[in-house]
Amino acid sequence: MSLNLLNEFGIAFLETAWMLTISVTLAVLIGIPLGIGLFVTSEGMFWQNKILQNISGTIINIIRSIPFVILLVVLLPLTTFILGTSMGPTAASLSLTVAGIPFYARLVENSLREIDKGVIEAAESCGASPWLIIRKVLLPESKSGLIAGLTVTIISLLSYSAMAGMIGGGGIGDLAIRFGYYRYQNEVMVMTVVFLIFLVQLIQFIGDRAAHAADKR
Amino acid sequence: MIELVNVTKTYNSVTAVDNVNLTIPKGEIFGIIGYSGAGKSTLLRCLNLLEKPTAGQVLINKKDLTALSKTEVRKERLKIGMIFQHFHLISSAKVYDNIAFSMLAAGKTKDEIQLRVPELLEMVGLADRADHYPAQLSGGQKQRVGIARALANDPTVLLCDEATSALDPNTTASILKLLKEINVSLGITIVLITHEMEVVQQICHRVAVMENGKVIEVNEAYELFADPQTPLAKQFVQTVHSLTLPERLLKARTGSIAQITFRGDSAEDSIISETISRFKVTVNILHGQISYIQDRPLGILIVEIKGNQSEIERAIEYITIRTNRLEVLADVS
């Protein structure tokens, strides 16, 4: 492999890492509260609220049903408005974030549903406030599921990020398309795919380990 | 003291608790017994408003919980501990933190918690388990943690939701013993629901029998065993006095078969021998058992009385007067 290509590859990796760092961080920071919100407003929970539940559920479903390629394009005006540009990895991060938040929020909601309702009931019977229950019961009890969901989210966003090339976002996936597909350099294609496989395996491995360690059941 | 006034709970069109009135004095161990689906679990949850009654009032220490706001109800719950069949401990928290949770709910400081949790662990016999996760404990130990958590804020009432139903007989006995000790040493009122008569037999002072959401009988525990008033209560009592006779015996009988219940210290032997000497009958003992309800003996004897019809009738009348309770299971044919 030429030095030049290696250099390209290094840049592409950093771009991917940058996009994932931003989008995953924001997906976690916003997705967890949103997922908790979805859960505690569901039927039978302490902040049961059908209207709020329906509205947020619908918005999440709408965003999740838009294919990422289209989301990327649809969000261009918003990206320009917020970042002043619609090009580059940071711009692509915004779309990844928008896709990642509802994705992770649903996974958070699901792992909260896994918690034995009796444990929540017991906490309520202790006279605990909703905030205390969220902090000391819901989050710790779903920790393993939250980590597993995070793993899935990171891997999904990694695969989404391949499309970021469309708006000049760069990244490993983009490299594969530009060199491997457009320039018929099959070895570049193979190399990036092998690298992505390795990366996904690694993320999954670490995620599984962490999820297992957090599970005290 | 706990008072339920016309408490009703309906879900859509299903009435789970139907117009229940109960008064449970301070310091009593009160049992609620019934088959699953009878509404006893819902009724228990009405006591700390985990279920808000559709109608009626729940008064705990003269305060009507149904009239309070959510925040005020939470405050009252600090004084009402609850334990569960499946323990419901926080699996990701150590034993120490499970108990501390309850105190955090009460707004206690870290120092207060550090002082109190070891005390509670000592009381339930788990002093060396503070750093264990629930998954590392046996069922009985988990329930002890549940009890410690429930007692952390010095409640006046302890609600037990089938607290021993998931435990083996030995562990059940030790948990019941602990509950009894707590009741005596702390003067705490205990309300428990169960479908196991052994629980009632061992610790309850009084019992309510529930069927289809209604309380159909309220009785002293001893009286419930000695003289159940409703068919359902009789059924439950029979699960403890498993005095079933072999079919062969019933077929081969020539006299009347009667079940005699002896209360307390009534001298059973002499009643039988007096009957034999007074009337021209023979009495053949087929089956017998003495159970202890709260340490008071209750004897049950199944006898076959033989003789001519009128002598048998007189003998039965005599025993009935002497013992208060005789049930003819099979008449002389």
Side-chain angles (χ1 to χ4, degrees), chain A residues 32 35-36 39-50 52 107-108 110-150 207-217, chain B residues 11 41 44-45 47-51 70-95 97-108 132-137 142 145-146 148-153 155 157-162 166:
Chain A
I32 288 182
I36 291 173
F39 180 68
V40 298
T41 54
S42 63
E43 195 164 346
M45 284 302 300
F46 40 78
W47 283 332
Q48 182 176 339
N49 187 328
K50 223 171 190 161
L52 209 65
L107 293 177
V108 170
N110 281 342
S111 45
L112 291 171
R113 277 188 209 285
E114 296 283 310
I115 300 173
D116 184 353
K117 282 280 186 309
V119 177
I120 301 169
E121 187 186 57
E124 287 184 298
S125 80
C126 288
S129 67
W131 285 115
L132 189 69
I133 294 176
I134 289 171
R135 276 196 303 123
K136 292 285 177 182
V137 181
L138 297 188
L139 286 175
E141 287 292 89
S142 63
K143 198 163 148 198
S144 171
L146 295 185
I147 294 171
L150 181 62
D208 286 348
R209 271 297 196 68
H212 184 74
D215 192 355
K216 304 290 182 202
R217 276 172 293 180
Chain B
Y11 299 102
S41 190
L44 191 76
R45 277 165 175 68
L47 289 181
N48 61 357
L49 252 62
L50 283 178
E51 297 284 357
K70 270 188 179 177
T71 322
E72 289 169 316
V73 166
R74 278 209 294 277
K75 224 173 148 194
E76 291 304 313
R77 278 182 187 153
L78 300 173
K79 294 282 152 210
I80 310 170
M82 187 167 188
I83 59 174
F84 303 85
Q85 178 175 6
H86 298 296
F87 327 119
H88 296 335
L89 302 176
I90 304 170
S91 64
S92 54
K94 290 178 178 171
V95 166
D97 295 310
N98 264 287
I99 302 170
F101 176 83
S102 201
M103 299 184 68
L104 286 176
K108 296 279 165 62
H132 286 59
Y133 284 101
Q136 298 167 307
L137 302 178
K142 285 183 203 170
V145 178
R149 173 174 68 179
L151 297 179
N153 297 316
V157 176
L158 179 65
L159 308 176
C160 308
D161 181 7
E162 299 271 10

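Naming convention: chains lettered A, B, ... in sequence-line order (proteins, then strands); numbering from 1 in each chain. Since we're looking at a predicted model, the values are computed, not measured.
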Mind listing the side-chain donor-acceptor pairs of residues 122-137 of chain A below 3.5 Å, one per line with the distance, residues two or more places apart or on another chain?
| residue | atom | partner | partner atom | Å |
| --- | --- | --- | --- | --- |
| A/Ser125 | OG | A/Ala122 | O | 2.7 |
| A/Ser129 | OG | A/Leu132 | N | 3.3 |

- B/Ile90 side, atom CD1; A/Asp116 side, atom CG - distance, nearest 0.5 Å: 11.5 Å
- Task: Could you check A/Ser144, A/Pro140, A/Ser142 and say which one makes a side chain to side chain contact (heavy atoms under 4.5 Å, CB included) with B/Ser92?
- Result: A/Pro140
- Message: Taking side chain to side chain contact (heavy atoms under 4.5 Å, CB included) as the definition, give me every residue that meets it alongside B/Cys160, ordered by chain and number, with sequence neighbours left out.
- Response: B/Ile83, B/Leu158, B/Ala163, B/Leu179, B/Ile190, B/Leu192
- Message: Looking only at heavy atoms and a cut-off of under 4.5 Å, which of B/Leu89, B/Asp161, B/Leu50 has the most pairs with chain A?
- Response: B/Leu50
- Query: Among B/His86, B/Gln136, B/Arg149, who wins on heavy-atom pairs under 4.5 Å with chain A?
  - Reply: B/Arg149
- Message: Atom NZ of residue position B/Lys79 - does it have more than 12 heavy atoms of other residues, nucleotides or ligands inside 6.0 Å?
- Response: yes
- Segment of B/Lys70 engaging chain A (4.5 angstrom heavy-atom cut-off): side chain
- For chain B, find its close neighbours in residues 210-217 of chain A: heavy-atom separation under 4.5 Å, sorted by number, or none. A/Lys216, A/Arg217
- Query: With B/Phe84, which residues qualify under ring-ring contact (aromatic ring centres under 6.0 Å, His included), at least two apart?
  - Reply: B/His88
